[in-house]
Amino acid sequence: MYDRQRAAVLRRRLDAFDRVDLALLPTPLSELKNLSRKLSGPRIFMKRDDLTGGMTFGGNKTRMLEFRLAPAVKAKADIIVSGFGVQSNHARQVAAAARKLGMDVSLILRRTPYESGEAVQGNLLIDLLLGARVQIIDATIDQQARRIAEEVERQRQMGRTPYETGYHDEDLSAVAYVACGLELHEQFDAMGIRPSLLMVASEGATQAGLHLFAAATKSRCRVVGVNMVDWVPSIRTRIAEIANAAATLLGLPERIAPEEINNHESAYRGAAYGIPTPEGLEAIRLLAETEGILLEPVYTAKGMACLLDEIRQQQIDRDESVVFLHTGGIPALFCYADAFEFPSLCRDI
C-alpha cells in the first residue's frame with residue numbers, strides 16, 4: 001500500500017525536527033460500524049485528531065503547533081501573537097499552546113459573516129478563560145495581517161519577546177501532517193486494513209502534508225480535500241505550494257503540481273465560510289445519532305457531507321475502506337444552536 005523503506009527514511013527526517021510536546025499521540029483510528037450499516041456502504045474509519053487532547057479540546061492545529069512553536073521556544077519568546085476569525089479553533093489552540101509553554105498570548109480576531117456579534121461562547125469563551133488579550137476587528141485578511149504586525153512591534157517596544165504564528169508558517173504545519181500520514185499508515189498496518197480514500201476538510205496545510213506523505217511513500221490511499229474558505233483564489237495552487245515548501249524543509253525531492261491535488265473547492269462550502277449548509281447540519285445529526293461523535297458546522301460537517309454524498313451516489317464501492325480525518329473544532333458547535341431549529345422543549349410529555 002506504501003513503500004515502507006521510504007517511510008523509514010521519512011521517519012528519520014521527521015525525528016530530526018525541533019518539536020515541543022503538546023498533543024497526545026497517536027490519536028485513535030476508529031471504525032464507524034453503525035454509520036456504515038446505516039448507509040449500507042463501505043467500511044468507514046475516522047482518524048480522531050479532534051482527540052489530540054492535552055489542552056482545550058485539541059484539534060488538528062495542536063499537532064501543527066508542536067512544530068510551529070518550537071522556534072518560539074528556541075527564541076525564548078514570552079508572548080505569542082496570532083489572529084484568525086472570532087470563533088477560530090486555530091486561535092483557541094494557539095492560546096492554549098502558549099499557556100502550556102508558559103507564554104502570554106495576544107489575539108487579533110476578525111469577524112466573519114456568521115460572527116456579527118461578540119457573544120462570549122465557544123472558542124472565544126475559551127480564549128478569554130485562557131487569559132488571552134483579545135481584540136476583535138472588522139477587517140480583511142490583509143488588514144488583519146497589518147494589525148498583527150503592529151501588535152508584534154508594540155510588544156517589542158514594550159520590552160517583550162513576541163513571536164507571531166499564523167498564515168506564514170504553513171510549511172511547518174504541513175510537516176506535522178506528513179508525520180500524521182506516517183502515523184495513519186502504521187495504524188493501517190496494525191489493523192490490517194488498506195483504505196482507498198482519505199478525506200479531510202482542508203484548504204491548506206492539513207491536506208498538503210497528507211498529500212506529500214502519499215507522494216513521498218508511493219501510498220495508494222487517495223487523499224481528497226474539501227475546502228471551506230472563500231478568500232483563496234486557487235485552492236489547488238495553495239495546497240501544492242505548501243506541500244512543496246514542506247518538501248524543501250524535509251529535504252524531499254518530490255514536487256507536487258496543482259493539478260495533482262484533489263480538492264472539491266467550493267462544491268460543499270455553501271454560501272460562505274462559517275455559514276452552515278443543510279447537508280452539513282444533516283451530517284452532524286447523523287454522526288451524533290449513529291456514533292455519538294460530534295462534528296461542527298464550519299469544517300468537519302461539510303467535509304463529512306461530501307463523504308456521505310459520494311457514498312450515496314455510489315462513487316465509493318461497498319467493498320472499499322475509507323477514512324475521514326476529524327480535524328476537531330467542537331467548541332464552535334455551541335455557537336450554532338439556532339441553525340438546528342430544535343422543537344420547543346417546553347411541552348408536556
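Here the structure is a predicted model, which means the values were calculated and not measured.
Shown here is Gln314, whose CD atom has no more than 12 heavy atoms of other residues, nucleotides or ligands within 6.0 Å.
Put simply, the side chain of Arg222 never gets that close to the backbone of Ser196: no donor and acceptor are under 3.5 Å apart. Side chain of Glu296 to main chain of Thr300: a donor-acceptor pair is present (N/O by atom type, distance under 3.5 Å, no hydrogens or angles). Panel note: side chain Asn244, backbone Ala240; a donor-acceptor pair is recorded below 3.5 Å. Here the side chain of Lys47 pairs a donor or acceptor atom with the backbone of Thr27 at under 3.5 angstrom. Put simply, the side chain of Glu320 gets close to the backbone of Asp317: a donor and an acceptor are under 3.5 Å apart. Remark: the backbone N or O of Ala145 is not paired with any side-chain donor or acceptor of Glu150 at under 3.5 angstrom. Under a 3.5 Å cut-off, the side chain of Thr62 and the backbone N or O of Thr52 do not form any donor-acceptor pair. For Arg236 (side chain) and Ile261 (main-chain N/O), a donor-acceptor pair under 3.5 Å exists by modelled atom type. Using modelled atom types, one side-chain atom of Asn123 and one backbone atom of Gln87 make a donor-acceptor pair closer than 3.5 Å. Using a distance-only test at 3.5 Å, with no hydrogens or angles considered, a donor-acceptor pair links the side chain of Gln93 to the main chain of Asn89.
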| field | Stepwise side chain to side chain donor-acceptor pair (under 3.5 Å) check, Glu310 with His264 | value | CA-CA 12 Å; Glu310 292 197 359; His264 284 278; 3.0 Å; yes
| task | Begin from the C-alpha positions of Arg133 and Glu151 and carry the test salt bridge (charged side-chain N to carboxylate O under 4.0 Å, His left out) through to its verdict. | result | CA-CA 11 Å; Arg133 180 179 188 272; Glu151 175 66 5; 3.3 Å; yes
| Could you walk me through whether Glu282 and Arg312 pass the salt bridge (charged side-chain N to carboxylate O under 4.0 Å, His left out) check? | CA-CA 14 Å; Glu282 189 261 338; Arg312 288 164 173 162; 3.1 Å; yes
| field | salt bridge (charged side-chain N to carboxylate O under 4.0 Å, His left out) assessment of Asp3 paired with Lys218 | value | CA-CA 6 Å; Asp3 189 317; Lys218 309 297 183 187; over 6 Å; no
| Which is it for Thr248 and Arg255 under the side chain to side chain donor-acceptor pair (under 3.5 Å) test, yes or no, and what are the steps along the way? | CA-CA 9 Å; Thr248 298; Arg255 290 298 179 269; 3.1 Å; yes
| Intermediate values then yes/no, salt bridge (charged side-chain N to carboxylate O under 4.0 Å, His left out), Arg68 and Glu170 | CA-CA 9 Å; Arg68 284 171 40 202; Glu170 293 272 57; 5.6 Å; no
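In this view, Arg269 satisfies the salt bridge (Lys or Arg N to Asp or Glu O under 4.0 Å) rule with no residue, not counting sequence neighbours. A search for ring pair (Phe, Tyr, Trp, His ring centres under 6.0 Å) contacts involving His90 returns Phe84, not counting sequence neighbours. In this structure Phe213 satisfies the ring pair (Phe, Tyr, Trp, His ring centres under 6.0 Å) test together with His185, sequence neighbours excluded.
Minimum interatomic distance between Ile311 and Gly41 (heavy atoms only, all atoms of both residues): CG2-CA, 4.3 Å. Closest heavy-atom contact between Ala305 and Gly280: CB-N, 4.1 Å. Summarising the geometry of Leu22 relative to Ala97, their closest heavy-atom pair is CD1-CB, 3.8 Å, with the distance given to 0.1 Å. Considering all non-hydrogen atoms of both residues, Met228 and Ala201 come closest at CE-CB, 3.8 Å. Residue Leu294 comes nearest to Ile330 through the heavy atom pair O-CD1, 3.2 Å, listed as atom of the first residue, atom of the second, then distance. Taking all atoms of both residues into account, the shortest heavy-atom contact from Leu109 to Gly85 is CD2-O, 3.6 Å.
For the atom pair CD1 of Ile141 and CZ of Arg146, the computed distance is 12.0 Å after rounding to the nearest 0.5 Å. Between the CD1 atom of Ile80 and the CG atom of Asp104 there is a distance of 10.0 Å, given to the nearest 0.5 Å. To the nearest 0.5 Å, atoms CZ (Arg92) and OG (Ser82) are separated by 13.0 Å. Summarising the geometry, atom NZ belonging to Lys302 is positioned 9.5 Å from atom CG belonging to Asn227; distances are rounded to the nearest 0.5 Å. With rounding to the nearest 0.5 angstrom, the CG atom of Leu35 is 4.0 Å from the CD1 atom of Ile44. Going from atom CG of Asn263 over to atom CD1 of Ile239 covers 4.5 Å, rounded to the nearest 0.5 Å.
By the 4.5 Å heavy-atom criterion applied to side chains, Leu130 and Thr56 are counted as neighbours. A heavy-atom distance below 4.5 Å is found between the side chains of Ile136 and Leu124. Taking 4.5 Å as the limit, every side-chain heavy atom of Arg12 sits out of range of all side-chain heavy atoms of Asp15. Residues Tyr177 and Asn60 meet the side-chain proximity criterion, which asks for heavy atoms closer than 4.5 Å. Taking the side chain as every heavy atom from C-beta outward, Lys33 and Lys38 never approach each other to under 4.5 Å. When side chains are defined from C-beta on, Glu260 counts as touching His211, because their heavy atoms get closer than 4.5 Å. Side-chain contact between Leu198 and Val322: absent, with no pair of heavy atoms (C-beta onward) separated by less than 4.5 Å.
Clustering ILVMFWY residues whenever any of their side-chain heavy atoms sit less than 4.5 angstrom apart, transitively, puts Met46 in the very cluster that holds Ile284. Cluster membership check: Val9 does not share its hydrophobic cluster with Leu182, using side-chain heavy-atom separations under 4.5 Å among Ile, Leu, Val, Met, Phe, Trp and Tyr. Criterion: ILVMFWY side-chain heavy atoms under 4.5 Å apart, direct or through other members. Under it, Leu101 and Val81 are not part of a common hydrophobic cluster. If you chain together hydrophobic residues whose side chains sit under 4.5 Å apart, Val224 and Val229 fall into the same group. Connection of Ile79 to Ile108 is not established within any shared hydrophobic cluster, with ILVMFWY side chains joined at heavy-atom distances below 4.5 Å, either directly or through further cluster members.
The residue from Thr327, Thr206, Asp49 that alone fulfils the side chain to side chain donor-acceptor pair (under 3.5 Å) condition with Arg63 is Asp49. Among Lys100, Lys61, Arg19, the one residue that satisfies the salt bridge (charged side-chain N to carboxylate O under 4.0 Å, His left out) test with Glu66 is Arg19.
The closest side-chain donor-acceptor pair between Tyr163 and Asp78, if any, does not fall under 3.5 angstrom. Side-chain contact check for Gln187 and Glu183: no donor-acceptor pair (N or O, by modelled atom type) lies under 3.5 Å.
Arg4 forms a cation-pi arrangement with Tyr2, by the criterion of a distance under 6.0 Å to the ring centre and an angle within 45° of the ring axis.
Under the 30°/60° scheme for interplanar angles, the aromatic rings of Phe67 and Phe17 are found to stand perpendicular.
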